[in-house]
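Working notes, beginning with the structure itself.
Only this structure's heavy atoms are used, side chains among them; waters, hydrogens and symmetry mates stay out.
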Amino acid sequence: MDSVLSPKHIASEEFSLSNLEAAASYPSGLFNVSSYQPKPRSSKSIRNSWVGSVIGIVTAGDDAQGMNSAISAVVKMAYYLGSTVFYIKNGFRGMVEGDDNYVMATWYSTMNIVGKGGTTIKTFKCPEFADRSARLKAAKNLVEHGILKIIAIGGDGTLKGIWALYNDWLSLLRELDDRDMVNRTLLQSSRRLRVVGIVSSIVNDVCGTDMSIGANSATQRILETLDAIMTNASSSQTAFIVEVMGKTSGYLTLASGVACDASMIFLPEWPPQGDWKEELCNKVRDDLLIRQQGLMIIKSEGATDVQGQPITAEEISKVLREKLKIISQITVLGHFQSGGVPTAYDRLLGIRMGSEAVLLMKDGPLDACIVTIKGCEMGFMSLEKCLGFTNATEKFLAEKDFSNVVRRRGKNFQCLLSSYVLLHSMRSSPVSSMAILAGIRRVGIIQVGMDTLGQCIVCKAFVGYCQSRGYAVIGIKDGFEGLLRRQFISLSWDIVKNWTSENDCLGSGKQAAEHYQLDSLDAAVNELNICGLILLGSFSAYESLCTLYEARLQYKNLGIPMCMVPTGILNNVPGSDITVGCDSALNEYVTYCDKMTRVAHASKNYVYVIETMCENAGYLTTLAAVCSEADAAYISLEPFTLNDLLKDADHVKRKIQQSGCRSALILIGTNSSEFYNTDFVRQLFAEEGKGVFSCKKGVMGHVQLGGHISVWDRQNAIIHGFRAGEWLLNYVDNVPVSPEGILYDPGPNAKVVLSVSKRNIKFKTIARLICETDFGTQNPTFNWWMKLRPLLRVMAQHFDVEYELEISDDTSAVSDVEDTNMYDMLNEQHKHSHG
Ligand SMILES: Nc1ncnc2c1ncn2[C@@H]1O[C@H](COP(=O)(O)OP(=O)(O)O)[C@@H](O)[C@H]1O
Ligand SMILES: O=P(O)(O)OC[C@H]1O[C@](O)(COP(=O)(O)O)[C@@H](O)[C@@H]1O
């Protein structure tokens, strides 16, 4: 298989003068360096900077999990700015019918809705909104309520509806004037309409944004069912055919198919080339004979063959019965996919999109746009462009121009699709175990630090990739401790094929490399005869890589190429926006907070101080607080004083006394302060709240480490495992062997961290990353999620805060630089997998 990452690419990647300078100035004793300077809480505020503006909010399409968090954030951000919000209930029907459908939003109406599925302001189909006459009535109602700013939450239908209204606006006003339906002065002051779309649809089929609100929760729901079905499937010879939602969109099928490693998936966007029946039989035979695993086939509602003929679950079942004599069961998942509580991902997405929508409406450059997310970055796109691309996608699909459909679906979709294709191409060309044992070149994989959900899946993808390129892999047991004892296992596809969510596949050593004799590590690497190494773990794995980088000049065997794949719940690895495992932990945390909120609410006037295991990092505490509508989140990265605690306690007291709120959550990370620990904070709140609320403590502890692995983590684990393998083998293939027979590269490019940066996967050198590391607190010097901390306070109605739009006003937020052309990679893989 051709690779996207050519040797030339490797040579240029991250290898600049500044890296060389960084490498040259690599400080010794760097583990004591503390360069992070937290910003003090600011007192400047944009509060009340938009008094007098009136915003209407409407949810018009099918409901999706996470819509409520967007609604809540719109109201709260508007409240912060001093604006008024009208709920336009029952979708476009309510907008047209007026009267009781226009309800002024209150802060109280947003309380405790973030964790609820559906939409609290209801949605209703309104096909007549396509007619101008219906939009004329809507325009009249809007003008009369003074609503000239509308936030529309929904799928492509909702966006089309709001675009039609926006497009017609001036002519609608003219008609209202001609027919004397509204006062002329009012019409004259209503000439400028601004609309912002928030894409919320479980099927994720709107162009311009990686994710729409609800898609992650729906995939998670599907996966929970697939996991349950898989226990049946793996105990019998029965095949399970599952049909998931999405008429012309295969996102849910693709995302869940990659995450559960389905035997075959059927998508509208990427139909099997040639005879699908034959391809199905081949894959099913492979799974039964080679992989000996349960048979799971996932089919999109709108799946077709290349000619555009629908493929039905019944047909798939018939093929299996007639050609392979396999019995199958069909499950049609239906609407439960869009139900239930939203995942942490969707809550956060809703809150970020909702608040950005208000600020884009206030200061953004476009009168009609959508809010987008690419990786962890918020952005925007003109509504016209978004609809143009989305309509074009439908047109390409109708014309069976599948390459262009995939191109339009965007990079996130392409990345998932290429992982699926790769998973399948590996499975049909396995190198035999004997060949692996006899293999000349072998690479190793080692876990350092705590075990994390998802590490097994990274391992599996890595082993599969290496095997497909004819490399052998050894898994070093129990970290560096095991390496010194020469404890390892040969990992072949046979061994890893069922590694999906189990913890502790290799066992990890708690200690970083600096705790061991480097000459002994050097001897062990030499004996194992590996020419490259993958390290899995969090900050201790990162520190180990730094140690090995520093040691490379003295110990030749430590000069082999090494790549760290960041995993772990703390998400504190320099250079990477996200680690595998932190999303699962966040979901566990948010579920725990939901339970505490319910208890606190039912018990009336309870405040819980919840401690989370976060060491000196603050990702989990901050994000869980945003997703759970907590009133405060204390972390060591943002030092706080006794006065801050007293102010927050007073704030909670007033909220409970004045707003009808019956509970509050306060989150605190372990190690967040030397003096003000969890017990101190609880006692302080209890004392300050006397007579108004009772204060209790909850401790999350190690529960965060267990639980279910989230769909997001599963996908990332697979993608990162592949990409790390690709980087390592490309590197190994291009480094000359030294006269002593060692593959030795002392240059800075040989020790890298796989970094998810914005939405690209990059391989950043240790030489560069040390400049971005605070070794004292074990954190990156820059944490992208710190910008969510002011948002947390705005959402909790604290107004002592300065909040800035996440999106830069620079229009480059609309586009970004890609490190690889995923689309070309996909086409390449496609050629290979289909011969
Ligand atoms: N082409 C259109 N012109 C005007 N309004 C539309 C158009 N398409 C959809 N709508 C409005 O948007 C609403 C929601 O669209 P729908 O396709 O049902 O859901 P979704 O927003 O989830 O795609 C419809 O009930 C209708 O009122
Ligand atoms: O402006 P361009 O380069 O034609 O790109 C348009 C395409 O970009 C997208 O917004 C996807 O962007 P990404 O590939 O960056 O995910 C598509 O949805 C759209 O079809």
Side-chain angles (χ1 to χ4, degrees), residues 34-42 344 348 351-352 376 538-539 568-574 576-579 581-583 585-586 588-590 592-593 596 607-649 651-652 664-682 684-685 697-701 704-705 773-796 798 800-803:
S34 183
S35 53
Y36 183 73
Q37 291 299 320
K39 269 209 306 197
R41 276 190 194 173
S42 164
L348 195 62
I351 291 170
R352 288 175 81 189
C376 294
S538 194
F539 207 88
I569 64 168
L570 299 181
N571 197 22
N572 61 343
V573 177
S576 197
D577 287 348
I578 212 87
T579 54
C582 67
D583 185 58
L586 181 60
E588 287 299 321
Y589 199 173
V590 170
Y592 180 85
C593 289
M596 297 307 244
V607 173
Y608 272 106
V609 174
I610 300 176
E611 179 183 289
T612 167
M613 219 172 66
C614 85
E615 310 295 333
N616 288 322
Y619 173 85
L620 269 185
T621 315
T622 301
L623 269 74
V626 177
C627 295
S628 316
E629 301 181 280
D631 277 272
Y634 303 119
I635 60 171
S636 60
L637 283 178
E638 195 178 79
F640 50 96
T641 62
L642 184 58
N643 204 24
D644 292 325
L645 293 173
L646 286 169
K647 272 201 320 210
D648 289 349
H651 176 82
V652 170
L665 291 186
I666 304 293
L667 306 193
I668 177 164
T670 45
N671 291 0
S672 56
S673 159
E674 200 180 334
F675 306 105
Y676 311 131
N677 62 14
T678 313
D679 286 324
F680 180 92
V681 172
R682 190 201 69 76
L684 182 138
F685 271 74
K697 179 174 98 168
V699 178
M700 259 301 260
Q704 287 166 227
L705 291 170
T773 309
D774 176 0
F775 287 96
T777 66
Q778 301 204 324
N779 275 299
T781 49
F782 173 78
N783 292 289
W784 68 268
W785 49 265
M786 282 295 277
K787 66 185 168 198
L788 300 178
R789 292 190 60 79
L791 180 62
L792 156 67
R793 294 191 73 77
V794 171
M795 295 294 115
H798 294 271
D800 60 336
V801 65
E802 176 187 7
Y803 185 77

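When every heavy atom of Tyr592 is checked against every heavy atom of Ile610, the shortest pair comes out as CE2-CG2, 3.5 Å. Here the closest heavy-atom approach between residue Gly568 and residue Thr579 is recorded as O-OG1, 2.7 Å. Between Ala344 and Val590 the shortest heavy-atom distance is CB-CG2, 4.0 Å. Heavy atoms only, all atoms of each residue included: Val609 and Arg682 are closest at CG2-CA, 4.0 Å. What you find for Phe685 and Ala649 is that their closest heavy atoms are CE2-CA, 3.5 Å.
How far CZ of Phe782 is from CG of Asp774: 14.5 Å, rounded to the nearest 0.5 Å. The distance from atom CD of Glu588 to atom CG of Leu586, rounded to the nearest 0.5 Å, is 10.0 Å. Taken from CE in Met613 to OH in Tyr589, the straight-line distance is 11.0 Å, to the nearest 0.5 Å. Here Thr678 contributes atom OG1 and Leu667 contributes atom CG; the two are 10.5 Å apart, rounded to the nearest 0.5 Å.
Considering only heavy atoms from C-beta on, Phe640 comes within 4.5 Å of Tyr676 through its side chain. Counting heavy atoms from C-beta on, the side chains of Leu788 and Arg352 come closer than 4.5 Å. Looking only at side-chain heavy atoms (C-beta outward), Ser673 and Val681 stay at 4.5 Å or farther from each other. Taking the side chain as every heavy atom from C-beta outward, Pro574 and Phe539 approach each other to under 4.5 Å. Put simply, the side chain of Thr670 reaches to within 4.5 Å of the side chain of Glu611, judged on heavy atoms. Under the 4.5 Å side-chain criterion, counting only non-hydrogen atoms from C-beta, His798 is in contact with Asp648.
Of the possible donor and acceptor atoms, none in the side chain of Asn783 sits under 3.5 Å from a partner among the backbone N and O of Trp785. Judged by distance alone, the side chain of Asn572 and the main-chain N or O of Leu570 form no donor-acceptor pair under 3.5 Å. Distance alone, capped at 3.5 Å, is enough to place a donor-acceptor pair between the Asp644 side chain and the Thr641 backbone. Judged by distance alone, with hydrogens and angles left aside, the side-chain atoms of Asp631 form no donor-acceptor pair with the main-chain N or O of Ile666 at under 3.5 Å. Within the 3.5 Å criterion, the main-chain N or O of Ala632 finds no donor-acceptor partner in the side chain of His651.
Residues satisfying the salt bridge (charged side-chain N to carboxylate O under 4.0 Å, His left out) test with Asp583, not counting sequence neighbours, are none.
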_side-chain contact (heavy atoms from CB on, under 4.5 Å) between Phe680 and Ile668, intermediate numbers included_ = CA-CA 11 Å; Phe680 180 92; Ile668 177 164; over 6 Å; no

Which pairs would a plain distance check flag for residues 614-628, meaning a side-chain donor or acceptor within less than 3.5 Å of a matching protein atom at least two apart in sequence or in another chain?
| residue | atom | partner | partner atom | Å |
| --- | --- | --- | --- | --- |
| Thr622 | OG1 | Gly618 | O | 2.8 |
| Thr622 | OG1 | Arg789 | NH1 | 2.8 |
| Ser628 | OG | Ala624 | O | 2.7 |

